[in-house]
Amino acid sequence: MYSCLIDGVRLPVAPSKITRKINTKSKKVDLMNLGEANILKGPGLTDINFEALLPSVKYPFAVYDNGFKEPLYYLDLFKRLVKEKKPFIFEVNSLTPAGYSLFITRMEVSLESYSIIEDTSNGMDIVVSLELKEYKRYTTQTIKIEQTSSHDETPKAVIEEKRPAKEPAKSYTVILGDRLWDICQKQLGDGSKYKEIAALNNIEDPDLIFPGQVLKLR
């Protein structure tokens with residue numbers, strides 16, 4: 001059993017196939033009298049492609065966390081992600097029939113493009129082809145020259161690093177061994193928020209969470 005979440009929203013039908021392409025930054029160059037050579041470099045950003053089925057009616061095999069939603073709900077989500085130009089969390093969980101997590105793919109990505117496929121063979125349902133790209137946060141550096149009071153001293157260059165603020169995830173899928181306090185500490189930077197998150201998810205006993213459970217974090 002799989003579940004697939006985009007920006008905290010679970011797709012009603014998990015994609016049957018997800019392609020992940022790990023690119024490299026290697027370059028091919030032409031060397032005089034030697035021909036082509038390859039300059040090997042490290043891995044680049046990962047491309048992710050898959051198709052998602054958006055049912056127009058509620059099927060027994062479709063799963064909805066908060067009741068049935070029309071395809072337009074998910075199309076609005078994709079439209080917003082492109083318009084906001086912000087990275088989000090893409091998450092795929094493999095669960096046992098008992099609900100225990102076998103493995104989790106969780107990474108920050110951007111939505112590069114999506115195509116809506118309307119095919120008469122799908123009836124009133126819609127298939128959307130999505131292209132995601134791994135997102136890596138970067139650091140910008142500002143070089144500030146500090147002038148000295150003495151003409152004999154060389155001005156000092158100070159490098160100031162600025163990192164884009166990372167937004168907390170909107171949801172989190174519980175894995176075996178998790179505690180609500182630890183989740184809040186790791187995801188929100190404040191373990192004491194466990195009561196607040198328990199209330200947000202209608203959890204009466206914060207000590208009772210189970211693998212595969214999707215928690216809203218904001």
Side-chain angles (χ1 to χ4, degrees), residues 1-11 13-54 74-75 77-96 101-117 119 126-143 157 159-178 183 186-187 189 211-212 214 217:
M1 178 181 179
Y2 285 86
S3 67
C4 180
L5 288 83
I6 293 181
D7 197 27
V9 176
R10 180 173 184 161
L11 295 178
V13 181
S16 59
K17 180 175 67 175
I18 296 176
T19 302
R20 284 191 287 178
K21 180 182 178 185
I22 294 89
N23 300 299
T24 69
K25 296 184 289 184
S26 300
K27 290 185 178 179
K28 186 175 65 176
V29 296
D30 289 318
L31 300 177
M32 187 178 296
N33 299 326
L34 292 178
E36 291 185 342
N38 198 10
I39 301 175
L40 301 180
K41 295 188 176 182
L45 301 175
T46 299
D47 293 324
I48 302 170
N49 298 278
F50 61 90
E51 291 186 347
L53 174 65
L54 305 179
Y74 301 95
L75 295 179
L77 167 66
F78 304 148
K79 184 178 180 180
R80 176 178 62 79
L81 292 174
V82 171
K83 186 178 180 181
E84 291 182 349
K85 302 176 184 176
K86 291 182 178 179
F88 56 91
I89 298 297
F90 173 67
E91 188 173 318
V92 178
N93 304 304
S94 172
L95 306 174
T96 67
S101 294
L102 291 176
F103 64 86
I104 292 179
T105 297
R106 194 170 195 275
M107 59 194 303
E108 203 167 19
V109 300
S110 60
L111 177 55
E112 297 297 298
S113 67
Y114 65 96
S115 305
I116 302 171
I117 304 170
D119 189 331
I126 292 176
V127 174
V128 180
S129 175
L130 296 106
E131 295 184 6
L132 313 180
K133 184 178 284 293
E134 180 184 10
Y135 182 83
K136 286 186 178 178
R137 296 187 177 272
Y138 55 88
T139 301
T140 58
Q141 293 184 335
T142 302
I143 300 178
I159 299 177
E160 297 178 344
E161 291 190 355
K162 293 182 179 179
R163 295 177 183 272
K166 185 177 181 180
E167 291 188 3
K170 292 182 178 179
S171 66
Y172 178 82
T173 302
V174 179
I175 61 175
L176 191 64
D178 271 345
I183 293 171
K186 185 175 182 180
Q187 300 295 326
V214 179
L217 299 180

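Note that this is a predicted model, so its numbers are computed, not measured.
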Novice: Do the non-hydrogen side-chain atoms of Val214 and Glu91 ever get within less than 4.5 Å of each other?
Specialist: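 A side-chain contact is absent here, since even the closest heavy-atom pair is not under 4.5 Å.
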
Novice: Which atom pairs, donor and acceptor, lie under 3.5 Å between side-chain atoms of residues 43-50 and protein residues at least two apart or in another chain?
Specialist:
from, atom 1, to, atom 2, distance (Å)
Thr46, OG1, Glu134, OE1, 3.3
Asp47, OD1, Lys133, NZ, 2.6
Asp47, OD2, Asn23, ND2, 2.9

Novice: Can you measure from OG1 (Thr19) to CG (Leu132) and round to the nearest 0.5 angstrom?
Specialist: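 Here the rounded value is 11.5 Å.
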
Novice: Over all heavy atoms of both residues, which pair between Leu111 and Phe88 is shortest? Give the atoms and the distance, please.
Specialist: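 It is N-CE2, 3.5 Å.
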
Novice: What are the two closest non-hydrogen atoms of Ser110 and Tyr135, and how far apart are they?
Specialist: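 Heavy atoms only, the tightest pair is N-CB, 4.4 Å.
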
Novice: If you take all heavy atoms of Ser171 and Arg106, which pair is closest and at what distance?
Specialist: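 That would be O-NH2, 3.1 Å.
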
Novice: What do the steps show when you test Ile18 against Tyr2 for side-chain contact (heavy atoms from CB on, under 4.5 Å), and what is the final call?
Specialist: CA-CA 12 Å; Ile18 296 176; Tyr2 285 86; over 6 Å; no

Novice: Please report the shortest heavy-atom distance between Asn38 and Lys28, naming the atom on each side.
Specialist: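 Heavy-atom minimum between the residues: OD1-N, 4.0 Å.
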
Novice: Locate the shortest heavy-atom distance separating Ser3 from Leu5; write the atom from each residue and the value.
Specialist: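 It is OG-CD1, 3.9 Å.
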
Novice: Test of understanding: with side-chain hydrogen bond (donor to acceptor under 3.5 Å, both in side chains), list the residues that count as partners of Asp7, not counting sequence neighbours.
Specialist: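 For Asp7 the side-chain hydrogen bond (donor to acceptor under 3.5 Å, both in side chains) partners, ignoring immediate neighbours, are Arg80, Lys170.
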
Novice: Nearest 0.5 Å, please: how far is OH in Tyr74 from CD1 in Ile6?
Specialist: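 It is 10.5 Å, given to the nearest 0.5 Å.
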
Novice: Within this structure, what is the CG-CG distance for the pair Leu130 and Leu11, rounded to the nearest 0.5 Å?
Specialist: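 Interatomic distance, Leu130 CG to Leu11 CG, rounded to 0.5 Å: 7.5 Å.
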
Novice: Side chains of Val127 and Asp119: does their closest heavy-atom pair fall under 4.5 Å?
Specialist: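 Of all side-chain heavy-atom pairs linking Asp119 with Val127, none is under 4.5 Å.
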
Novice: For Asp178 and Thr173, work out which heavy atoms get closest and say how close.
Specialist: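 That closest heavy-atom pairing would be OD2-O, 4.3 Å.
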
Novice: Taking the side chain as every heavy atom from C-beta outward, state whether Lys79 and Tyr114 have any pair of such atoms under 4.5 Å apart.
Specialist: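 A side-chain contact exists here, since the closest heavy-atom pair is under 4.5 Å.
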
Novice: Nearest 0.5 Å please: distance from the NZ atom of Lys136 over to the CE atom of Met107.
Specialist: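 Answer rounded to 0.5 Å: 8.5 Å.
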
